[in-house]
> 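Okay, here's the structure, questions in a sec.
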Amino acid sequence: MNEKLVPENSPLGRATAYRSDYAPELLFPIPRKQKRDELGLDEAALPFTGEDLWNAYEISWLNPRGKPVVALGEFRVPAHSPRLIESKSLKLYLNSFNQTRMTDAEAVSATLARDLSQAAGASVRVSVQPLERRPRREIDYLQGECIDALDIEVAQYSPQPSLLRADPAQLVEGELLCSHLLKSNCLVTGQPDWGMVALRYSGPRIEREALLRYIISFREHNEFHEQCVERIFTDVLTRCAPRELAVWARYTRRGGLDINPFRSNRADWRAENLFEVRQ
């Protein structure tokens with residue numbers, strides 16, 4: 001791994017002077033390989049497809065006459081990209097447009113797509129919608145079973161794959177389970193990250209109490225959002241042996257950004273950008 005690209009060298013947890021002139025060099029990519037090696041994943045033969053879906057709420061630039069424009073952004077970073085993008089660096093990069101004159105939203109979108117794709121090492125899809133166009137957001141609950149009301153005793157607060165259970169004698173098709181009790185911590189700063197996690201699967205019936213204990217076991221775990229989701233996917237795939245599996249987490253926003261990783265072993269399963277109520 002490039003020593004310059006380790007998380008400890010990122011802007012996280014450091015006092016930072018904000019730039020307001022376009023500065024793509026502020027983006028800080030981090031190789032995915034080290035964490036995937038921990039999980040025994042071969043980057044040349046990943047057991048999943050998917051993407052990291054980012055929503056940006058604080059995008060602004062100047063039009064050619066110096067008048068500010070404000071917009072919402074959506075970025076889709078493919079899971080097969082060799083690098084993820086550290087969140088504070090993305091915030092700093094987006095703020096570097098604040099005093100930068102741009103022709104229109106399409107020029108901003110093209111610039112973002114170019115820079116983010118270069119940082120991630122794969123093509124990143126970008127959508128930028130000025131608020132004057134009245135973009136809409138859909139906030140709803142997933143149409144699955146929320147397991148949070150289960151009356152369980154919990155004693156583990158670091159990831160314990162051994163907690164997971166599935167019954168091969170009971171086969172289910174297309175079940176969707178979700179929990180709002182996911183909490184992990186930033187890998188570098190230790191600050192809490194809050195989210196909803198959903199599992200869609202078919203195969204041996206996953207024991208709900210065991211799954212909820214497992215999700216709660218991330219409560220004191222330090223890892224980036226994308227890494228947590230890949231860990232959950234890998235552990236469930238290994239311990240429960242589903243035929244089909246998708247794991248999706250929607251984390252609450254920080255610094256004007258929310259990150260929503262999605263991983264699935266079915267290419268036709270995709271995550272809609274349906275906002276969780278806390279977002």
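Just so you know, these numbers come straight off a predicted model, no measurement behind them. No hydrogens, no waters, no symmetry mates; every other heavy atom, side chains included, goes into these values.
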> If a pair satisfies salt bridge (charged side-chain N to carboxylate O under 4.0 Å, His left out) and one of its residues is in residues 116-143, list it, with sequence neighbours excluded.
Glu51-Arg125, Glu106-Arg133
> Taking all non-hydrogen atoms of both residues, which atom of Pro78 and which atom of Ala122 are closest, and how far apart?
CG-CB, 3.7 Å
> Regarding Asn260 and Glu276, is there a side-chain donor-to-acceptor distance under 3.5 Å anywhere?
no
> Would a 4.5 Å heavy-atom cut-off, applied to side chains only, mark Thr49 and His80 as touching?
no
> Assess, by modelled atom type and distance only, whether the side chains of Asn273 and Arg76 contain a donor and an acceptor separated by less than 3.5 Å.
no
> Can you give me the closest heavy-atom contact between Cys240 and Arg165, atom names plus distance?
SG-O, 3.9 Å
> Does a donor on one side chain and an acceptor on the other come within less than 3.5 Å for Ser179 and Asp148?
yes
> Answer yes if the side chains of Asp193 and Asn185 hold a donor-acceptor pair under 3.5 Å, and no otherwise.
no
> Hey, does the Lys NZ or Arg CZ of Arg219 hover above the aromatic six-ring of Tyr157, less than 6.0 Å from the centre and inside 45° of the axis?
no
> Counting heavy atoms not belonging to Asp151, are there more than 12 under 6.0 Å from its CG?
no
> Picking from Asn98, Val70, Val108, Thr103, what satisfies side-chain contact (heavy atoms from CB on, under 4.5 Å) with Trp61?
Val108
> Applying the 4.5 Å side-chain criterion to the ILVMFWY set and letting contacts propagate, would Val247 and Leu237 be lumped into a single cluster?
yes
> Would you list the atom pairs, donor with acceptor, under 3.5 Å between side chains in residues 195-213 and any protein atom, with sequence neighbours excluded?
from, atom 1, to, atom 2, distance (Å)
Tyr201, OH, Glu175, OE1, 2.4
Tyr201, OH, Ile206, N, 2.9
Ser202, OG, Glu244, OE1, 2.7
Arg208, NE, Glu145, OE1, 3.3
Arg208, NE, Glu145, OE2, 3.2
Arg208, NH1, Ile206, O, 3.3
Arg208, NH2, Glu145, OE1, 3.0
Arg208, NH2, Glu175, OE1, 3.3
Arg208, NH2, Glu175, OE2, 2.3
Arg213, NE, Glu153, O, 3.0

> Within the 4.5 Å heavy-atom criterion, are Leu94 and Leu112 side-chain neighbours or not?
yes
> If we only count heavy atoms from C-beta on, is the Leu39 to Arg231 side-chain gap below 4.5 Å?
yes
> Shortest non-hydrogen contact from Tyr22 to Arg114?
OH-NH2, 2.8 Å
> Hey, any chance Val128 and Leu53 share a hydrophobic cluster, counting ILVMFWY side chains that come within less than 4.5 Å of each other, even indirectly?
no
> Quick one: closest heavy-atom pair of Val277 and Ile139, and the distance?
CA-CG2, 3.8 Å
> Answer with yes or no whether the hydrophobic clustering places Trp194 together with Leu257; edges join I, L, V, M, F, W, Y residues whose side-chain heavy atoms lie under 4.5 Å apart.
no
> Are the side chains of Phe28 and Tyr93 in touch, meaning some heavy atoms are under 4.5 Å apart?
no
> More than 12 non-hydrogen atoms from neighbouring residues, nucleotides or ligands closer than 6.0 Å to CD on Glu38, yes or no?
yes
> What is the distance from atom CG of Leu182 to atom CZ of Phe218, rounded to the nearest 0.5 Å?
7.5 Å
> Taking all heavy atoms of Phe224 and all of Cys186, pick out the closest pair and write down the distance.
CE2-SG, 4.2 Å
